[in-house]
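Note: hydrogens, waters and symmetry copies are ignored here, and every other heavy atom, side chains too, is used.
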Amino acid sequence: MSTEEYLKDITEIKDMMNKSSRFFSLSGLSGIMAGIYALIGAAIAYYLVSISGRDYLILDGKIFNYILLDLVLVALLSIVTAIILSTQKAKKNNETLWNGTSRRLLTAFLIPLITGGIYIMIKIYSNHYGLTGSLMLIFYGLALVNASKYTIGNVKYLGYIEIVLGLICAIYPGYGFWFWVLGFGVMHIIYGSLIYFKHDR
């Protein structure tokens, strides 16, 4: 076996191992759509607060319940869109969406996310609202970084940005809404566009 053939075989083995350990069917378009949903949801929340006559939310108010529903709908739309578009991409690449790698990816992503969600709800029901936006960004960023070892490496950079935005938001809690818009809306659109043009097209 020549040196070139040996190196070629090593490269092919390395590629196979990489494909078996990483999930490459994440769709850039789903990131773009998640950002758009977040911006629409933020606009609705801003409008609801503006018509309430207050600059803040109270836990037992109708506006709070509407905004909570708004957040849930944004999350659900983002998840459903990600599943649909990632399934299409997986079929195009002759891959299966649900396999050992995607299960590990989901587990790594959900552990910090669910932990953060429970912690945020505890803080909210303890009447500590001030750092909600910051905590959302930080725990979401940690979830992305934790899951990045099972998918496209660029995901970790989005996670780092979300964490940094969350920490800055903790310093300026009065601007939590705008940091949330930047992190979940604008950054998703930018990241999704980069993934789409680099990997999807």
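Take Tyr46 and apply the ring-ring contact (aromatic ring centres under 6.0 Å, His included) test, not counting sequence neighbours, and it matches Phe177, Trp178. With sequence neighbours excluded, the residues satisfying side chain to side chain donor-acceptor pair (under 3.5 Å) with Thr81 are Tyr37. In this view, Leu76 and Val72 satisfy the side chain to side chain contact (heavy atoms under 4.5 Å, CB included) rule, not counting sequence neighbours. Remark: Leu68 pairs with Phe64 by the side chain to side chain contact (heavy atoms under 4.5 Å, CB included) rule, at least two apart or across chains. Residues satisfying the side chain to side chain contact (heavy atoms under 4.5 Å, CB included) test with Leu69, not counting sequence neighbours, are Leu73. Qualifying side chain to side chain donor-acceptor pair (under 3.5 Å) partners for Asp70, counting only residues two or more places apart in sequence or in other chains: none. For Ile122, the side chain to side chain contact (heavy atoms under 4.5 Å, CB included) partners are Ile118, Ser126, not counting sequence neighbours.
At a threshold of 4.5 Å between non-hydrogen side-chain atoms, the residues Leu165 and Cys169 do not count as touching. With contacts defined as side-chain heavy-atom distances shorter than 4.5 Å, the pair Lys123/Thr132 does not qualify.
Put simply, CG on Leu105 and CG on Leu110 are 9.0 Å apart, with the number rounded to the nearest 0.5 Å. The line from OG1 of Thr151 to CG of Leu106 is 12.0 Å long, rounded to the nearest 0.5 Å. Put simply, NZ on Lys149 and CZ on Arg104 are 11.0 Å apart, with the number rounded to the nearest 0.5 Å. The OG atom of Ser30 sits 10.5 Å away from atom CD of Gln88, with the distance rounded to the nearest 0.5 Å. Once rounded to the nearest 0.5 Å, the distance linking CZ of Phe179 with CG of Leu137 reads 9.0 Å. Here the CG atom belonging to Asn146 is positioned 7.0 Å from the CD1 atom belonging to Ile111, to the nearest 0.5 angstrom.
Under the 3.5 Å distance criterion, the side-chain polar atoms of Ser134 are left unmatched by any main-chain donor or acceptor of Leu167.
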- Query: Does the pair Val145 and Ile163 meet the rule for a side-chain contact (heavy atoms from CB on, under 4.5 Å), with working shown?
  - Reply: CA-CA 9 Å; Val145 173; Ile163 292 170; 4.2 Å; yes

- Message: Using the rule given for side-chain contact (heavy atoms from CB on, under 4.5 Å), can you reason through Tyr191 versus Val155, listing the C-alpha separation, both sets of side-chain angles and the distance that settles it, and then say yes or no?
- Response: CA-CA 8 Å; Tyr191 168 77; Val155 169; 2.8 Å; yes

Donor-acceptor pairs are to be reported for all side-chain atoms of residues 180-190 against protein atoms at under 3.5 Å, with residues two or more places apart or in another chain.
from	atom 1	to	atom 2	distance (Å)
His188	ND1	Phe184	O	2.8
His188	NE2	Tyr140	OH	2.6

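Cluster membership check: Ile84 does not share its hydrophobic cluster with Tyr196, using side-chain heavy-atom separations under 4.5 Å among Ile, Leu, Val, Met, Phe, Trp and Tyr. Taking hydrophobic clusters as Ile, Leu, Val, Met, Phe, Trp and Tyr residues chained together by side-chain heavy-atom distances below 4.5 Å, Leu113 does not share a cluster with Val80. Placement of Tyr160 and Ile195 within a single hydrophobic cluster is found when ILVMFWY residues are connected by side-chain heavy-atom separations under 4.5 Å, directly or transitively.
Phe109 approaches Ala147 most closely through the heavy-atom pair CB-CB, 3.8 Å.
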